[in-house]
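Notes follow the structure.
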There are 2 protein chains.
Amino acid sequence: MGAAVIGARSAWAVRENAPAGLGILDAIGVIRHLTPHESLAVEGDAADRFHLVMSGVVAAYKATADGRRQIIAFHFPGDPVCLSTAGTVYDHSAEAVGHVTVCSVSRTRVREYTKQVPSLRHGLLDAVRREMAAAHERLLWLGRKTALERLACFLLECASRVGEPQGNGHQVVPLPMNQQEIGDYLGLASETVSRTLTELGRDGTIEVLRPFSGVVIRDMQRLEATTDEGTLQPAAGP
Amino acid sequence: MGAAVIGARSAWAVRENAPAGLGILDAIGVIRHLTPHESLAVEGDAADRFHLVMSGVVAAYKATADGRRQIIAFHFPGDPVCLSTAGTVYDHSAEAVGHVTVCSVSRTRVREYTKQVPSLRHGLLDAVRREMAAAHERLLWLGRKTALERLACFLLECASRVGEPQGNGHQVVPLPMNQQEIGDYLGLASETVSRTLTELGRDGTIEVLRPFSGVVIRDMQRLEATTDEGTLQPAAGP
DNA sequence: CGACTGCTTGAGTCTGCTCAATAAAGGTGG
DNA sequence: CCACCTTTATTGAGCAGACTCAAGCAGTCG
């Protein structure tokens, strides 16, 4: 019941955050609690349900036969999970990063519900399109950006999702995923993530929280600049 | 008028190829002919229309401030272009690769039409989801695959779209885009594309058509194997 | 209080990039 | 039809960003 109350509270919070029209889905879904690394979906399994993140972070990923892994997206509270699956099977896997609460809805249930609430379908389409735009952005990161640029992009993305402004212009960005997972998201080795975070910390752009649990953005301007010219000399004039 | 006839013929061909329910859109669209590199959409512009490729190939791409470019997708005949845009502006650009015929439809027109043909909305959602799955696949390529693996994946993808089986097991794959564009799609330099194609040709997996206009897949099995273990030794036994 | 997991840091290697020179095709205009 | 010019592809040499392998160090949790 404690869990139920928490679930209900999260539901309300999400209802306001969620993409237009999607929040109502928690009304017909089931609250579920996941432990770290617990699986929500496995690539190739029958795609019978999708989910709405209530608290915590879910990683959607694909893997190669020899164990390399690429995280497709981190889903924060309010985000749909596995919504974009086209056919009858999941095209990617999804698992909890840390402890997670989700609201799970069966696809048949959504289909029925759509008949009663036609606007829902537009909400679904819009949510998938939003995910699509994010995927496009990440293709640019992975195909054409340096490690430093990717990290800067990543931190700014997380800041826009879960950043807590501090009044003094700084912004605290809690990161529940570990550096290996960040690497799997950015197409980098975890060692490179560590080195690059250290580098951003050394020049004062960010402060890395120890033990690693997030960062504080100290110089937003410089971080935004790093987004696109990671190789630019710090003191390079015109 | 000659053009109109060609347009109409293409329309029929596409109507059969197009994703479920989308083909009918050519009925309310306008046929348009594009010359090489002619622009269909520019990132940031008002997203007022989308398109259906009738013939030729369209490249959807994003670029950084300093000129690096990442091609998000190559759209073949039957594919929708700019369908996935979420907001009021395009999240990516699109241009013709070679000569292209498209069918352009305004978004307002689609909205009206959707009221008459409700199933269309499901077709749209499904088409976007299909694109999403393709984008996920490419994130894995860019984040975690070697140049050799990416090329193999790319050739197999093109083969499944436009490959012409030759009876002897070989498959002719015409490629209208140049090697720079393939590089921009795979996150590689054009020199790397050239070298890697040569390598695949040297070991007999493919034959590169000269002057470059496509490849012939000579050993499908080996190409599929290269997809996932590009670094595996050719003669490595257990 | 150990064992474990995750992070840091170093050394060396390698894949793929950059820069550059050459060659081959295709297009243009005389 | 041919000479010229531009664009695209090939190939080499050298470089560098990021990876791998490895050791050491917290911090956490039984």
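Quick caveat, the model's predicted, so the values are computed rather than measured. Residue numbering restarts at 1 for every chain, and letters A, B, ... go by the order of the sequence lines.
- Between A:Leu155 and A:Val173 there is no side-chain heavy-atom pair separated by less than 4.5 Å.
- Side chain of B:Thr146 to backbone of B:Glu149: a donor-acceptor contact under 3.5 angstrom is found.
- The backbone N or O of A:Arg68 lies less than 3.5 Å from no partner atom in the side chain of A:Gln70, so there is not a single donor-acceptor pair.
- Counting any heavy atom pair closer than 4.0 Å across all strands shown, B:Gly183 reaches no nucleic acid atom.
- Judged by distance alone, the side chain of B:Arg150 and the main-chain N or O of B:Lys145 form a donor-acceptor pair under 3.5 Å.
- For B:Gln180 and D:dA9, the CD to P distance is 9 Å, given to the nearest whole Å.
- The NE2 atom of A:His37 sits 11 Å away from the C1' atom of C:dG6 (whole-angstrom rounding).
- Distance CD (A:Glu191) to P (C:dG6): 13 Å, rounded to an integer number of Å.
- In this structure, B:Leu40 and B:Arg32 have side chains that are in contact, with non-hydrogen atoms separated by less than 4.5 Å.
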Any N/O pairs under 3.5 Å between the protein and nucleotides 11-14 of chain C? List them or say none.
none

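- D:dA18 atom P lies 13 Å from atom NZ of A:Lys145, rounded to whole Å.
- The distance between atom CG of B:Leu209 and atom P of D:dT8, rounded to the nearest whole Å, is 19 Å.
- Here A:Leu197 contributes atom CG and A:Phe154 contributes atom CZ; the two are 9.0 Å apart, rounded to the nearest 0.5 Å.
- Atom CZ of B:Arg144 is separated from atom C1' of D:dA18 by 11 Å (rounded to the nearest Å).
- Using modelled atom types, no side-chain atom of A:Arg69 and backbone atom of A:Ala63 make a donor-acceptor pair closer than 3.5 Å.
- Not one side-chain nitrogen or oxygen of A:Thr192 sits closer than 4.0 Å to the OP1 or OP2 atom of D:dG17.
- Side-chain N/O atoms of B:Thr198 include one lying less than 4.0 angstrom from OP1 or OP2 on D:dT11.
- Atom CG of A:Leu142 and atom P of D:dG17 are 19 Å apart (whole Å).
- Between the CD1 atom of B:Ile182 and the P atom of D:dT8 there is a distance of 13 Å, given to the nearest Å.
- Set against C:dG26, C:dG16, C:dG6, the side chain of B:Pro211 has C:dG26 as its closest nucleotide.
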